[in-house]
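Have a look at the structure below before the remarks.
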Amino acid sequence: MSSTPIDNAAIEARVKALLPAERQLYAERRPKARAMAERKGKGLFDNVPMHWMLDWPMPFPMVIEQASGVHLTDIDGNAVVDLCLGDTGAMFGHGPEPILEVLRNTGHRGLTTMLPSADAEIVGELLAARFGLPHWQIGATASDANRFAIRVARAVTGRRKILVFDGCYHGAVDDTLVDLVNGRTFSRASLLGQVVDLGETTIAIPFNDEEALRGALASGEVACVLAEPVMTNCGMILPAPGFHDTLRRLTREHGTLLLIDETHTISTGLGGYTMLHGLEPDLMVMGKPIGGGVPVSVWGMSAEVAEGLDRARRARDSHGHSGIGTTLSGSALQLACLRASLEKVMTSGTYATMAARTDIIEAGLIKAIGAQGLPWHVTRVGARLEVVFSSEPVRNAGEAREAASSVIEEGLHLSLLNRGFLLTPFHNMILVSPALAEAQAQALVTAYGEILARFCQAGEAA
């Protein structure tokens, strides 16, 4: 290791020199996937079911043949350990046995009827007991659940605007796809087909900025604050001490509802960040892993919000579509998977295993970073980890963007993938499943350390 501290610019230069070989190695091992990516003709657009599957830092996408537990095998026979887990959708592992049992045995009872199944009452009781809020509804995705909860907040408060934090992640909800630029809120520049100025009804402020929060709520126009307890989409940004207490106090003072989105922070532990840290939201959303990998989401509300929703429904002049709910939401299949997940998958034992494996990885990453004298640190929320390319924790999206490096991210991602470990492509976030063995956690740490040493030694050799 060099005695001179290494800055990120130097690391980027070294990674750029190594990337061509990593890309070539990846491609050489995947001739079938490469041929599939290069095939032209009618069919899937760009040969992928979702166009942003091309945004991974790979020369072309892996094509998965099988996923089980934390094991992925692609069509070229390459086996990798999955630490992305469908960006949280498979947080408890691919195909937990209780979910597979439901899939094997539920079809004969009917999959979707647009009527409640026998599991409905039990699922409602399980959700209330696990997450605190007394009333729940079912959606297909967290994006849907957030849309529905926002609509309820507006109906209950009679207000138009919502407040989000710059750099937020709330799925594909139009209202939240905004950026904060020079103190003003604009529709995100990368959006396709955007025709409405989202800044007219959405206010974005920096995370952890109590003064900006106080000023934004003072107008009395904000129906709800939609917040992740820990920001996870522009790097991992932890709340400053006391921030959530201030957020709850100010929203109550100004008659604004608090909507907590736990879609990623459900990794914190049993009951999510909300239960473990005593948050008191008026509305709450969870998706992705809540049904063990089956498309389903849930959104809950306090008794007061439920009463307000009931009043708003009864006050309507017509009884047409409320804009809340979709035909496939609340299906028998979703309810059966939710019940199995809450009773048998999302248990205290499951989270204890995840925490133990994450402890190994966290300690190993800190040691590997320190061994190379890198000005980085590790941020964690439960079973979710991220290496942030700064010496100090970042407080908001602006600081997170300054610390980020797409070059280093690509280098880490591809280098680890070529050594058998798949990380989340966005910021190289690591998510730990209960299916991850202790030996696999240790092997990841070893590979990470070797890669960091290689990044640093490359520059010295040059």
Side-chain angles (χ1 to χ4, degrees), residues 85-149 152 171 259-275 281 283-302 306 324-351 354 382-383 433-435:
L85 300 164
D87 193 22
T88 313
M91 186 174 77
F92 301 110
H94 297 283
E97 183 53 37
I99 304 303
L100 295 180
E101 172 120 10
V102 168
L103 296 177
R104 284 192 292 264
N105 299 324
T106 298
H108 68 277
R109 297 170 53 198
L111 297 177
T112 183
T113 63
M114 210 172 69
L115 288 167
S117 72
D119 289 320
E121 186 173 17
I122 296 170
V123 167
E125 291 170 353
L126 288 168
L127 289 169
R130 179 67 55 84
F131 300 110
L133 290 175
H135 302 288
W136 291 85
Q137 290 279 271
I138 311 301
T141 68
S143 297
D144 287 340
N146 274 316
R147 290 186 188 100
F148 304 155
V152 167
L259 167 53
I260 293 293
D261 183 350
E262 288 263 19
T263 296
H264 276 169
T265 55
I266 198 171
S267 65
T268 308
L270 195 67
Y273 193 99
T274 293
M275 290 297 282
L283 294 146
M284 186 177 179
V285 161
M286 281 164 292
K288 290 193 177 179
I290 192 77
V294 171
V296 61
S297 62
V298 298
W299 56 283
M301 52 193 145
S302 67
I324 297 173
T326 59
T327 306
L328 294 178
S329 296
S331 70
L333 176 62
Q334 289 173 323
L335 290 169
C337 288
L338 276 172
R339 179 176 178 178
S341 181
L342 292 165
E343 289 181 338
K344 300 176 182 179
V345 178
M346 298 175 64
T347 66
S348 57
T350 294
Y351 276 103
M354 293 162 71
S433 164

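Owing to the predicted nature of the structure, the values given are computational and were not obtained by experimental measurement.
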Closest heavy-atom contact between [X] and [Y]?
{"X": "Ser433", "Y": "Gly93", "value": "OG-N, 3.3 Å"}
{"X": "Leu126", "Y": "Leu342", "value": "CB-CD1, 3.8 Å"}
{"X": "Thr350", "Y": "Pro434", "value": "CG2-CG, 3.6 Å"}
{"X": "Trp299", "Y": "Val285", "value": "CB-CG2, 3.8 Å"}
{"X": "Thr263", "Y": "Ala142", "value": "OG1-CB, 3.3 Å"}
{"X": "Pro116", "Y": "Ala120", "value": "CB-CB, 4.0 Å"}

Which value, rounded to the nearest 0.5 Å, describes the distance between [X] atom [atom1] and [Y] atom [atom2]?
{"X": "Ile122", "Y": "Leu338", "atom1": "CD1", "atom2": "CG", "answer": "12.5 Å"}
{"X": "Glu262", "Y": "Met275", "atom1": "CD", "atom2": "CE", "answer": "10.5 Å"}
{"X": "Thr326", "Y": "Phe148", "atom1": "OG1", "atom2": "CZ", "answer": "5.0 Å"}
{"X": "Met286", "Y": "Thr88", "atom1": "CE", "atom2": "OG1", "answer": "13.5 Å"}
{"X": "Leu328", "Y": "Ile138", "atom1": "CG", "atom2": "CD1", "answer": "14.0 Å"}
{"X": "Asn146", "Y": "Asp261", "atom1": "CG", "atom2": "CG", "answer": "4.5 Å"}

(message) Determine whether Arg109 and Asp119 satisfy the following criterion, side-chain contact (heavy atoms from CB on, under 4.5 Å), listing intermediate values before the conclusion.
(response) CA-CA 12 Å; Arg109 297 170 53 198; Asp119 289 320; 4.1 Å; yes
Answer whether the closest heavy-atom distance between the side chains of [X] and [Y] falls below 4.5 Å.
{"X": "Leu111", "Y": "Ser331", "answer": "no"}
{"X": "Gln137", "Y": "Val152", "answer": "no"}
{"X": "Glu101", "Y": "Lys344", "answer": "no"}
{"X": "Leu333", "Y": "Thr112", "answer": "no"}
{"X": "Ile266", "Y": "Ile290", "answer": "yes"}
{"X": "Met301", "Y": "Leu133", "answer": "no"}
{"X": "Arg147", "Y": "Ile324", "answer": "no"}
{"X": "Met114", "Y": "Thr327", "answer": "yes"}

(request) Would you please name every residue forming a side chain to side chain contact (heavy atoms under 4.5 Å, CB included) with Ala332, sequence neighbours left out? (result)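 Partners of Ala332 by the side chain to side chain contact (heavy atoms under 4.5 Å, CB included) criterion, ordered by chain and then number, come out as Ser117.
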(message) Among residues at least two apart in sequence or on other chains, which ones pass side chain to side chain contact (heavy atoms under 4.5 Å, CB included) with Ser297?
(response)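 Checked Ser297 against side chain to side chain contact (heavy atoms under 4.5 Å, CB included); matches are Ala145.
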(request) Look at Glu97 together with Arg104 and state whether they make a salt bridge at an N to O cut-off of under 4.0 Å. (result)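 Salt bridge flag = yes for Arg104 with Glu97.
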(request) Return yes if a side-chain donor-acceptor contact under 3.5 Å exists between Thr265 and Thr268, otherwise no. (result)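 Note: Thr265 and Thr268 side chains miss the donor-acceptor criterion.
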(request) Ignoring hydrogens and angles, tell me if any N or O in the side chain of Lys288 forms a donor-acceptor pair with the backbone of Asp87 under 3.5 Å. (result)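 Pair found, side chain donor or acceptor close to backbone of Asp87.
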(request) Could you check whether the rings of Trp136 and Phe131 sit parallel, tilted or perpendicular, using 30° and 60° as the cut-offs? (result)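 It falls in the tilted class, 30° to 60°.
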